[in-house]
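Have a look at the structure below, then the notes.
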Amino acid sequence: MFESAHGGSGRVTVDDRRDSRRPEFKPYRHPAAGWGAAKSVTGFILRQREPIDGARALLRMNQENGGFDCPGCAWPDDPGGLHLDVCENGIKHVTWEMTGKRVGRDFFAAHPVRELAKWSDTDLEAQGRLTEPLSYDPGTDRYVPISWPDAFALVGRTLRDLDSPDRAAFYTSGRLGNEATFLYQLMARELGTNNLPDCSNMCHEASGRALKAAIGTGKGTVDVHDWERADALFVFGVNAASNAPRMLTALAGACRRGAQVVHVNPLVEAGATRTIIPHEFARMAAFRTTPTSTKNVQPRIGGDMALVRGVAKALLELAETDPNALDADFLAAHTTGFERYRDVCARTSWAEIEHQSGVAVAEIRALAAVYRAAERTIVSWCLGVTQHEHGVDTVREIVNLLLLRGNIGREGAGPSPVRGHSNVQGNRTCGIDHRPDPAFLDRLGAVCGIEPPRRHGLDTVRTIEAMRRGEVTVFVGMGGNFALAAPDTPYTAEALRNCDLTVQVSTKLNRSHLEHGRRALILPCIGRTEKDHQAAGVQATSVEDAMSMVHLSTGMKRPASPHLLSEPAIIAGMARAALPDSATPWEGYVEDYDRIRDTMAQVLDGFEDFNRRVRQPHGFRIHQPARDREFRTASGRAEFSAAGLPDVVPAPGTLALGTMRSHDQWNTTIYSDNDRYRGIRNLRTLVFMNPDDMRERGLAEFDEVDVTSVAKDGSTRSLLRYRAVPYDIPRGCAAGYMPEMNVLCAIGDYSAQSDQPLMKHLKVTVEPSGRG
Ligand SMILES: Nc1nc2c(c(=O)[nH]1)N[C@H]1C(S)=C(S)[C@@H](COP(=O)(O)OP(=O)(O)OC[C@H]3O[C@@H](n4cnc5c(=O)[nH]c(N)nc54)[C@H](O)[C@@H]3O)O[C@H]1N2
Ligand SMILES: Nc1nc2c(c(=O)[nH]1)N[C@H]1C(S)=C(S)[C@@H](COP(=O)(O)OP(=O)(O)OC[C@H]3O[C@@H](n4cnc5c(=O)[nH]c(N)nc54)[C@H](O)[C@@H]3O)O[C@H]1N2
Ligand SMILES: [Mo]
């Protein structure tokens, strides 16, 4: 059994900026955003020692012409022009990148890796921006400077020496711009592997697979105009106030025009009640709030599919007497599998639906009435739906519900997954996929003159397993923080340490640099806010938002150090060293990114005339056949699914635990130990529980508890001395913070449908500490 008190990484220094380290819990009763957010941002910018540049940068973000794309999330920019529609966390994220602090060679000379390994993750990142390439020296256990040519030569030599290209894996975090993404997958495929694990494997893989099967596209079909026209919005498993704050504006707007906004979440999050809209300064000054919901429904963790099935069943019952409850014309003309789905709904009993969803039948019928009354419905979702065993089935059930009333391919209606990283959708569009579409490979091969491999590659979980077994020996991380973001922290660390070479392309020091292979490189890159000078002048890169809009992002700040390279340049450097005889114009691509875009235009669907269209104001929307009711599925129609309901009810004595982000965090980057909207200060090692579940275990607020997960294979993992916090969450459910709780997620606990780790559904016991 693995035991850890700190989620795999110990905290050794105390941040003296905090007045008190005593944990506090005071339920938050204020609206989301507004002055609390403004105050928090000001403090944060000051701490980064970049007040002037920070403020100037914000005015250059998300502009119609020029400026850089906010790296904070993938929510679209306001198409009506700049409304200062930036959010607290976007600001923090940008300022985080623009910090005036630097971590240079003196720092690495002073601190061996075994010492840094004891530092907290917050302290590692707080050292500031990386300034030059570094190579691990086993003799002194330190990172030492290495020249770019020597670093590339080491990567090239190691890759060339492999007996199979499949011994290397190339990870992407969803920050990477489209042009770099295209070069990265081209390098992997020219080398001969589809081993392209990415953060999507832990994020929206389920959404992509479900939508592809149901409607023939891996993406949502709506845009922001549709959000403005919907008269019912259902939002499943999204903490909007923290993770997609610009969505609050859309939700508040919907409430104001009288639309129904239903949040489905085991927790009632701050963004699911009221907000102060950040750019409406007059209202902000007057503390005038706008509601962001008309209804909140709290299913049990994993209960969403049963809930949606219930809404569909209630709607089908209404249809027996109400001829307009269903869109019969749409069903007949555009769908297949309706009868089977109707039968499955009829056969699923109300008792089972109530038991599995944890929501009373009357409440489910009320949701069906909201859905029936709306002419135009959007269903939106994020990780609360995807990171489950049955994530694919749940997304398909959501599509089933939309199909019943023809809510797809028309204004104001459709599925709308909320993506995470700012360019995670663009990464997939531009070829990061371990299971690539054969037609894409055909075009890539023909246009780029390579023979792309056809066998599927490894995803995130399988890469970790293969590294651990010694089958994958080279790991390249293009951004991200693999060591902490991935499940089963100690197992993943061992897997990385088992590699011959690990290469991390990063902006800041993080845990993935310390859990390294026998040889290791840290290759520092310029960030999105910074000017990218190449032979043909300052370059822009393109990104795609969650609603398929592709637009250019141009950095404006001097790079953090003169020794940084852009991500395309780093990829090209590695590629040339690994493929000395390659006919691909790697150097030419880096001189002028227009040349990369010209090649992409020939390979990628919907990117015709890329260079011209991406320079239009707001860029362009990738054509999506499903938006016009052209469904590229096997049958040529939208396909209903008819899966059975999973059993998600926790066994007696156990709880279903979901891991999630705090308000003051960006994935593995922890800004502080506070979670303002959930009322928490100075505490991350906590578990939110239903007060009755606490009482049953004899627990009072902040009592120390040991949290033990039981994996599919029966193995157990524990986090010791966490604190129990009573919370409004259904019985049998618990929640706590990622990435610390990845210690509890066994490597084998991934979904058979999506291969996603079960990060929102760990089976745990919670006991008072010291009892075991
Ligand atoms: N500030 C900030 N913004 C971010 C990020 C960040 O870390 N910080 N991360 C980015 C990324 S990569 C992503 S993918 C997104 C993530 O955005 P979210 O999906 O909002 O991320 P989580 O914090 O994991 O929160 C999941 C939500 O799902 C709920 N939930 C848990 N289990 C269930 C369930 O079974 N059913 C339902 N219906 N809900 C459930 C939780 O209560 C919580 O509200 O945000 C992106 N934006
Ligand atoms: N338990 C649990 N685990 C989870 C999740 C969960 O909900 N629960 N969520 C999962 C999800 S949705 C995701 S998306 C993953 C996220 O996984 P990752 O994307 O791997 O992790 P991040 O924390 O976003 O990566 C942060 C690092 O990216 C680097 N970085 C920042 N900007 C740049 C840049 O411009 N270029 C480059 N090259 N590097 C940069 C910095 O060095 C920083 O330390 O985590 C997953 N892990
Ligand atoms: Mo994500």
Side-chain angles (χ1 to χ4, degrees), residues 71-75 87-90 92-93 96-97 121 124-125 130 171-177 180 198-204 235-240 242-245 263-269 271-272 297-304 307 381-388 394 418-422 424 460 477-487 504-513 523-529 567 570 648 656 658-669 671 688 729 733 735-742 744-745 756-757 759-762:
C73 73
W75 188 261
C87 71
E88 174 189 357
N89 277 326
K92 284 184 187 163
H93 211 53
W96 173 89
E97 180 173 300
D121 300 294
L124 292 174
E125 285 196 348
L130 295 157
Y171 176 70
T172 318
S173 156
R175 202 59 102 65
L176 199 62
D198 68 352
C199 67
S200 251
N201 299 147
M202 303 181 269
C203 186
H204 268 291
V235 183
F236 283 75
V238 185
N239 177 12
S242 298
N243 297 333
H263 292 263
V264 180
N265 199 317
L267 277 67
V268 178
E269 302 282 22
V297 180
Q298 292 178 268
R300 68 167 84 250
I301 284 184
D304 302 81
L307 180 73
W381 66 91
C382 198
L383 302 180
V385 165
T386 57
Q387 293 178 326
H388 288 273
T394 306
V418 180
R419 297 283 169 164
H421 269 296
S422 52
V424 64
T460 292
M478 190 53 61
N481 188 358
F482 195 81
L484 285 188
Q504 301 287 353
V505 179
S506 314
T507 52
K508 286 201 179 175
L509 180 61
N510 68 35
R511 185 75 35 195
S512 300
H513 305 133
L523 304 183
C525 64
I526 66 171
R528 198 180 277 182
T529 55
E567 283 159 327
I570 294 173
V648 298
T659 62
M660 59 191 185
R661 290 141 181 82
S662 77
H663 182 66
D664 223 7
Q665 142 175 26
W666 216 98
N667 291 348
T668 64
T669 297
Y671 301 128
F688 292 114
I729 185 171
C733 301
Y737 298 128
M738 66 83 77
E740 292 89 335
M741 283 193 161
N742 267 329
L744 298 174
C745 186
Q756 279 191 236
M759 291 163 165
K760 289 281 180 288
H761 201 156
L762 304 170

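Both ligands and their constituent atoms are indexed starting at 1 by order of listing.
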**Request:** Taking only heavy atoms of D304 into account, list the atoms of ligand 1 that are under 4.0 Å away from them.
**Result:** 34 (C), 35 (O), 36 (N), 37 (C), 38 (N)
**R528 and S422: side chain donor to acceptor below 3.5 Å** = yes
**Asked** So which of A485, P524, G527 gets nearest to atom 47 (N) of ligand 2, if we judge by its closest heavy atom?
**Response** A485
**Asked** In ligand 2, which numbered atoms sit nearer than 4.0 Å to a non-hydrogen atom of V505?
**Response** 37 (C), 38 (N), 39 (N)
**Request:** Just jot down the ring pair (Phe, Tyr, Trp, His ring centres under 6.0 Å) partners of H761, sequence neighbours excluded, or say none.
**Result:** H388
**Asked** Between M660, E269, H263, which one has a non-hydrogen atom sitting closest to atom 44 (O) of ligand 1?
**Response** E269
**Message:** Distance under 4.0 Å to a non-hydrogen atom of S242: what atoms of ligand 1 satisfy this?
**Reply:** 1 (N), 2 (C), 3 (N)
**Message:** Give me the residue, atom name and distance of the protein heavy atom closest to atom 6 (C) of ligand 2.
**Reply:** Q387 NE2, 3.5 Å
**Message:** Quick test of your reading of the structure: of L509, L762, N481, T507, whose heavy atom lies closest to atom 34 (C) of ligand 2?
**Reply:** T507
**Request:** Give the numbers and elements of all ligand 2 atoms closer than 4.0 Å to a heavy atom of K760.
**Result:** 7 (O)
**Message:** Between the side chains of R175 and E97, is the shortest nitrogen-to-carboxylate-oxygen separation below 4.0 Å, so that they form an ion pair?
**Reply:** yes
**Enumerated ligand 2 atoms positioned under 4.0 Å from heavy atoms of C203** = 12 (S)
**Asked** In terms of atom number and element, which parts of ligand 2 are under 4.0 angstrom from non-hydrogen atoms of R661?
**Response** 5 (C), 6 (C), 7 (O), 9 (N), 10 (C), 11 (C), 12 (S)
**Message:** Show the atoms of ligand 2 that are less than 4.0 angstrom away from any heavy atom in N742.
**Reply:** 1 (N), 2 (C), 3 (N)
**Fill in**
Among non-hydrogen protein atoms, atom 16 (C) of ligand 2 lies closest to N667 ND2, 3.5 Å
**Atoms in ligand 2 with a heavy atom of Y171 nearer than 4.0 Å** = 17 (O), 18 (P), 19 (O), 20 (O)
**Fill in**
Closest to atom 24 (O) of ligand 2 (heavy atoms only, candidates E125, H421, H204) is H421
**Request:** Could you tell me whether ligand 2 has any atom less than 4.0 Å away from a heavy atom of M741?
**Result:** no
**Request:** For V264, counting its heavy atoms only, list the atoms of ligand 1 lying under 4.0 Å from any of them.
**Result:** 38 (N)
**Request:** Give the numbers and elements of all ligand 1 atoms closer than 4.0 Å to a heavy atom of L267.
**Result:** 42 (O)
**Message:** Students should be able to answer this: which protein heavy-atom is nearest to atom 29 (C) of ligand 2, and at what distance?
**Reply:** G480 N, 3.8 Å
**Complete:** The ring pair (Phe, Tyr, Trp, His ring centres under 6.0 Å) partners of F688 (sequence neighbours excluded) come to Y727
**Message:** Does any N or O of ligand 1 fall below 3.5 Å from an N or O anywhere on F236, backbone included?
**Reply:** no
**Complete:** Filtering N510, I526, T659, L744 for the heavy atom nearest atom 8 (N) of ligand 2 leaves T659
**Request:** Report the member of L383, V268, I729 with the shortest heavy-atom distance to atom 19 (O) of ligand 1.
**Result:** L383
**Request:** Any atoms of ligand 1 less than 4.0 Å from a non-hydrogen atom of H388? List them with their elements.
**Result:** 34 (C), 35 (O)
**Prompt:** Given P266, S422, A240, P245, which one has a non-hydrogen atom that is nearest to atom 39 (N) of ligand 1?
**Reply:** P266
**Message:** Quick check on contacts: which atoms of ligand 1 are under 4.0 angstrom from a heavy atom of Q665?
**Reply:** 1 (N), 2 (C), 6 (C), 7 (O), 8 (N)
**Asked** Is there a donor in the side chain of T669 and an acceptor in the side chain of E125, or the other way round, less than 3.5 Å apart?
**Response** yes
**Prompt:** Is any N or O atom of R528, backbone or side chain, closer than 3.5 Å to an N or O atom of ligand 2?
**Reply:** no
**Asked** In terms of atom number and element, which parts of ligand 2 are under 4.0 angstrom from non-hydrogen atoms of S506?
**Response** 39 (N), 42 (O)
**Fill in**
For atom 36 (N) of ligand 2, the closest protein heavy atom turns out to be E567 OE2, 2.7 Å
**Prompt:** For atom 35 (O) of ligand 2, which candidate among R511, R419, M738, R175 holds the nearest heavy atom?
**Reply:** R175
**Item:** T668 neighbourhood, listing ligand 2 atoms whose heavy-atom distance to it stays under 4.0 Å
**Value:** 22 (P), 23 (O), 26 (C)
